[in-house]
There are 2 protein chains.
Amino acid sequence: MPRSVSANRQVPLHTRISEQLREQVLLGEFAPGDQLPSEHQLMELFGVSRITVRRAIANLVNQGLAETQQGKGVFVKEQRKVFYRLSNPMVFLEEDMARQGVSCGIENLVLEKMTAPSKVCQTLQLDPTTADVYFQKKLFLLDGDPVAIDITYTIAEVVPLGNELASRMTFPLLEQWGVPIERIETTLECTHADPPVADYLNIALGSPILVYRYVAYTLNNRPVVCGESLSRGDRLCYSVVLTKNHS
Amino acid sequence: MPRSVSANRQVPLHTRISEQLREQVLLGEFAPGDQLPSEHQLMELFGVSRITVRRAIANLVNQGLAETQQGKGVFVKEQRKVFYRLSNPMVFLEEDMARQGVSCGIENLVLEKMTAPSKVCQTLQLDPTTADVYFQKKLFLLDGDPVAIDITYTIAEVVPLGNELASRMTFPLLEQWGVPIERIETTLECTHADPPVADYLNIALGSPILVYRYVAYTLNNRPVVCGESLSRGDRLCYSVVLTKNHS
DNA sequence: AAGTGGTCTAGACCACTGA
DNA sequence: CAGTGGTCTAGACCACTTC
């Protein structure tokens with residue numbers, strides 16, 4: 001017998017079904033990691049066609065509540081968010097993550113000295129003809145999964161040993177090299193995974209992505225590093241402490 | 001004749017089609033606001049069924065590149081993001097928005113004095129039996145559209161005139177009332193619109209949402225306000241300046 | 001009335017998983 | 001092998017917009 005998804009004829013069937021499943025998930029009838037009924041079972045349960053069931057499941061996936069695995073089934077998604085603390089100076093990241101019960105790592109993808117692209121020249125206030133920067137692309141791993149891709153441009157002049165950038169975090173290295181970071185201008189926004197990002201982070205096209213952009217300044221308002229971090233919206237979030245700015 | 005979506009048999013048809021359309025959008029062949037070919041036209045153009053075309057369009061919508069309007073068509077989405085500057089003290093918001101070319105407003109939804117819910121008691125370090133707070137729910141409008149919903153709990157003790165909260169921004173009011181905000185602890189994360197939020201912000205279920213949570217402290221580390229802002233990921237982003245923390 | 005997107009059906013075939 | 005989800009088809013009806 002079809003279950004009671006009859007109320008409110010104005011709301012589409014697939015929505016009524018996904019809403020009912022959503023309720024059950026939120027009430028704990030299905031725990032994180034649990035398998036939901038199969039498409040076939042849901043078809044019988046609600047007395048609807050497969051396409052409608054699939055649409056309902058798509059709604060849940062779209063709301064970040066479920067994920068599908070071909071050949072296996074649909075599962076309630078587990079919440080595994082970790083806070084990335086934005087501060088200056090940067091805290092020692094590994095410790096911060098360990099405190100949250102996850103291991104972290106960096107996988108270097110690209111590290112090369114190059115002449116700065118024009119956009120980078122602008123933000124770093126460089127002379128386009130002579131400006132060299134280190135360009136680095138790296139993955140940030142949590143418990144082995146890639147959760148963020150980071151792209152950084154560092155003015156070559158302040159980097160004594162380029163290779164060290166490959167294995168260490170950028171900001172602590174700069175401090176160590178006698179380049180104190182006085183100010184970091186940052187922005188945070190929400191976008192969607194495009195094909196390369198989806199590929200790197202091993203997620204579906206269009207998955208929500210948190211974008212963190214930054215320009216870091218040393219003494220005398222001189223910019224030395226800029227870049228951006230694209231992270232999985234379902235795995236990372238940011239925390240900031242705003243202290244009183246006596247101006 | 002079908003167009004060349006033949007390459008790479010491993011990639012689903014709907015993805016090849018949406019990727020091709022995506023390319024055209026990014027190359028500017030379709031400008032923001034332009035109407036894309038109708039489903040019927042795309043069916044003929046690519047020689048595929050309607051369901052596949054619809055799936056391709058859904059991919060674009062899911063990537064934030066297009067939006068559909070029933071009875072009208074599919075249109076390339078316009079980028080209309082505005083920065084919300086996080087600072088302490090809060091800058092005068094209207095001016096900040098005007099500088100970005102948008103008008104802003106507040107629509108008060110709920111404002112009432114109540115005993116604090118237990119979670120709020122915890123974050124505001126209140127005595128659960130006697131603690132009164134002002135609970136406020138308001139919409140933040142940009143160019144007339146609701147783009148964020150804000151929920152705030154303010155310790156009643158520091159509020160001389162509750163009604164003023166309805167029409168003014170909370171933080172400047174507190175300063176004016178002699179409650180200086182020394183520190184604000186914030187977090188930013190990405191989620192999806194659930195039914196009430198989707199309804200308030202007039203967006204589809206599951207649309208990306210930026211969540212900004214905060215606890216504000218006055219002198220002596222005493223928390224006085226906490227709350228959260230849920231904003232449309234496609235309309236708002238945040239900017240923060242991190243100054244050197246000499247600890 | 002004609003054209004648009006939104007919902008829903010029944011049914012076919014494929015790819016992946018695990019016993 | 002049976003069961004799962006992934007892709008794709010053809011076709012029907014509806015709701016909304018524009019003329």
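Order of the sequence lines fixes the chain letters, A, B, ..., with proteins taken first and strands second; residue numbering starts at 1 for each chain.
Of the two residues contacting DNA chain C, namely A/K72 and A/H14, the nearest-nucleotide position lying further toward the 5' end is that of A/H14. Residue order along DNA chain D, read from the 5' end via each residue's closest nucleotide, puts A/P37 first among A/P37 and B/G71.
Annotated stems with DNA chain C as a participant read C:1-18 with D:1-18, given as range with range, by first number; only runs of 3 or more Watson-Crick or G-U pairs under 3.5 Å qualify.
With a cutoff of under 4.0 Å to any heavy atom of chain B, the contacted region of DNA chain D is bounded 5' to 3' by D/dT7 to D/dT18.
Each of A/T52, A/I17, A/V53 was checked for a side chain to side chain contact (heavy atoms under 4.5 Å, CB included) with A/F46, and the lone residue meeting it is A/I17.
Note on B/R54: a base of the nucleic acid sits closer than 4.0 angstrom, heavy atoms only.
Note on B/E185 versus B/R213: no salt bridge recorded, every NZ/NE/NH1/NH2 to OD/OE distance being 4.0 Å or above. Salt bridge present: B/D234 and B/K77 bring a charged side-chain N and a carboxylate O closer than 4.0 Å. At a threshold of 4.0 Å, the pair A/K138-A/E107 does not count as salt-bridged, since none of the basic side-chain nitrogens sits closer than that to a carboxylate oxygen. For B/D145 and B/R235, the salt-bridge test passes: some basic side-chain N is under 4.0 Å from an acidic carboxylate O.
Checked by atom type and distance alone, the side chain of B/T186 pairs as donor or acceptor with a backbone atom of A/V240 at under 3.5 Å. The backbone N or O of A/E19 lies less than 3.5 Å from no partner atom in the side chain of A/E23, so there is not a single donor-acceptor pair.
Here the two rings, on A/F83 and A/Y238, have centers that are 6.0 Å apart or farther.
At whole-Å resolution of the value, CD in A/E67 and P in C/dC16 are 19 Å apart.
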